Amino acid sequence: MSVPGASNTVLEAVVPYSRMSLIQLLAKIPAQYCSQQTADELALLAYNRGLKLSSPGSPILGVGFTGSLATTRPKLGDHRFHLSTRTSDRHWASTVTLSKGLRSRDQEEKVSSCFVLKAIANACKVPSTFESKLTESEVADECETFFDEDQELEQLINGKICFKIYPFSSDTSNDDRKIILSGSFNPLHDGHLKLLEVATSICGNGYPCFELSAINADKPPLSISEIKDRVKQFKKVGKTVIISNQPYFYKKAELFPGSAFVIGADTAVRLIDPKYYDGSYDTMLKTLAGCKRTGCTFIMAGRNVDGAFKVLEDFDIPEVLKDMFVSIPAERFRMDISSTQIRKSRGL
């Protein structure tokens, strides 16, 4: 971390050194604290965390390490370490058993550290000059698995990874804040494109992108073929789209902290209606207050609701939540078009 600009590459480092720290990070008690499975789970956690912290389109590497090395007392078991790396399309794992009594704790630390650095270099496809310093009897047990697009989307639907980004936009902004228009985009139309464009100009800064949840609140999940068909629409117009597995905004806020979500008045109706929170006004306030704590805001455009055109000022937003909502003036954006109307006109 002494190299200037390191924060452009290293997003976060976490050392769950005690058992309780590891339990809290994994949100469970591992079968073994020092194991390949635990290293794999740590690498996957790191990968998903990197997705949330990075700019859209940045390649992400998650690294997990667990070790049982020389200590102040003799150990009954092996001196060993387990290492795992995870990228969007590759998982690599390695277990190394060290010769007991051959090295001091400091020497074992240096061997394992060189292994970690070499694994990071290999995952990033850059040359490395690190020597393993293992003896002939100390052979690394390694395995490698590659994922294609279908497998990655399957992992997303199953909740293993939190989202997948298709960075089709030519926008080179490195802004961490995202301006997100969520929807089903069945189909994507000019209203969607114009709305995000206007919202971005109002926000002033941020990375504009669309978001499609593969999981629906009241419908079966989208199939992989359906997801890929809808993604093609964004590739055609050169716009970035994120595929997530969270249909609810309070969960989207956790995935994309600090983001501005672009919504229509029809969505705002549901967002502040206690009916959608088990009929509880307090639950609605608590849920949206949680969104507020993540730094998220809502940029709202007017839409026809029950036959009347509604804008932000027509809604009774609770006082404690008012600063979360920003209005898009009707003179800046109004397009009375919907995907449902388009599907009906096409006989779908």
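Residue numbers run from 1 in the order of the sequence given. Small disclaimer: the values here were computed from a predicted structure and weren't measured.
Counting heavy-atom neighbours within 6.0 Å of Lys133 NZ, excluding the residue itself, gives a total of 12 or less. Counting non-hydrogen atoms of neighbouring residues, nucleotides and ligands closer than 6.0 angstrom, the CD atom of Glu136 reaches no more than 12 such neighbours. In the displayed structure, Asp336 atom CG is contacted under 6.0 Å by more than 12 heavy atoms of other residues, nucleotides or ligands. The local environment of CZ in Arg49 is sparse, with at most 12 non-hydrogen atoms from other residues, nucleotides or ligands closer than 6.0 Å. No more than 12 heavy-atom neighbours from other residues, nucleotides or ligands sit within 6.0 angstrom of CZ on Arg19. The environment of CD in Glu319 is sparse: at most 12 heavy-atom neighbours from other residues, nucleotides or ligands sit within 6.0 Å. Annotation: Tyr248, atom OH; neighbour count of heavy atoms from other residues, nucleotides and ligands within 6.0 Å does not exceed 12.
Lys164 and Ser88 share no side-chain donor-acceptor pair at under 3.5 Å. Counted by atom type alone, Glu138 and Ser99 present one or more donor-acceptor pairs between their side chains at under 3.5 Å. Side-chain contact check for His82 and Thr66: no donor-acceptor pair (N or O, by modelled atom type) lies under 3.5 Å. Side-chain contact, Thr240 with Tyr207: a donor N or O sits under 3.5 Å from an acceptor N or O. Between the side chains of Glu149 and Tyr166, a donor-acceptor pair is found at a separation under 3.5 Å. Between the side chains of Ser244 and Glu211, a donor-acceptor pair is found at a separation under 3.5 Å. Side-chain atoms of His79 and Glu108 form a donor-acceptor pair, as typed in the model, at a separation below 3.5 Å. The closest side-chain donor-acceptor pair between Gln155 and Gln151, if any, does not fall under 3.5 angstrom. Looking at Ser58 and Ser55, their side chains never bring a donor and an acceptor atom within 3.5 Å of each other. A donor atom on one side chain and an acceptor atom on the other are found under 3.5 Å apart for Ser84 and Asp40. Between Ser21 and Ser18, the side chains place no donor N or O within less than 3.5 Å of an acceptor N or O (distance only, hydrogens not considered).
We find that Asp106 and Lys110 are joined by a salt bridge, their nearest charged nitrogen and carboxylate oxygen being less than 4.0 Å apart. Ion pair Lys292/Asp323 flagged as a salt bridge, since at least one NZ, NE, NH1 or NH2 atom sits closer than 4.0 Å to an Asp/Glu carboxylate oxygen. Electrostatic pairing of Lys232 and Asp229 counts as a salt bridge here, judged by a charged N lying under 4.0 Å from a carboxylate O. Under a 4.0 Å N-O distance rule, the pair Glu131/Lys118 does not qualify as a salt bridge.
Residues Phe163 and Phe256 place their aromatic rings such that the two centres sit under 6.0 Å apart. With ring centers used as reference points, Phe115 lies 6.0 Å or more from Phe65. Two rings, from Phe168 and Phe234, have their centers 6.0 Å or more apart.
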For this session: Could you give me the CA-CA distance, side-chain angles and deciding distance for Phe298 and Phe249, then say whether ring pair (Phe, Tyr, Trp, His ring centres under 6.0 Å) is met?
Result: CA-CA 10 Å; Phe298 295 99; Phe249 275 104; 5.7 Å; yes

Identify all side-chain donor-acceptor contacts of residues 195-202 below 3.5 Å with residues at least two apart in sequence or on another chain.
residue, atom, partner, partner atom, Å
Thr200, OG1, Leu196, O, 2.7
Ser201, OG, Val198, O, 2.6
Ser201, OG, Arg332, NH2, 2.7

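Minimum interatomic distance between Cys34 and Ser68 (heavy atoms only, all atoms of both residues): SG-N, 3.5 Å. The two residues Lys52 and Cys162 have their closest heavy-atom pair at CE-SG, 4.2 Å. When all heavy atoms of Leu134 and Arg103 are compared, the closest pair comes out as CA-NH2, 3.9 Å. Between Cys203 and Ile179, the shortest heavy-atom contact is CB-CD1, 3.6 Å. The two residues His192 and Pro187 have their closest heavy-atom pair at CE1-O, 3.5 Å. The two residues Ala140 and Val96 have their closest heavy-atom pair at CB-CG2, 3.8 Å.
Using a 4.5 Å heavy-atom cutoff, the side chains of Ile29 and Met20 are not in contact.
Seen from the ring of Phe185, Arg230 does not count as a face-on cation partner, given the 6.0 Å and 45° thresholds. In this structure, Arg90 fails the cation-pi test against Phe147, since its NZ or CZ atom is not both closer than 6.0 Å to the six-membered ring centre and inside 45 degrees of the ring normal.
If you run side-chain contact (heavy atoms from CB on, under 4.5 Å) between Leu181 and each of Ile263, Val262, Val241, Ile299, only Val262 comes through.
When hydrophobic clusters are built by joining Ile, Leu, Val, Met, Phe, Trp and Tyr residues whose side-chain heavy atoms come closer than 4.5 Å, directly or via intermediates, Trp92 is not grouped with Phe130. Following chains of ILVMFWY side-chain contacts shorter than 4.5 Å, one can reach Met300 starting from Ile337, so the two form part of one hydrophobic cluster.
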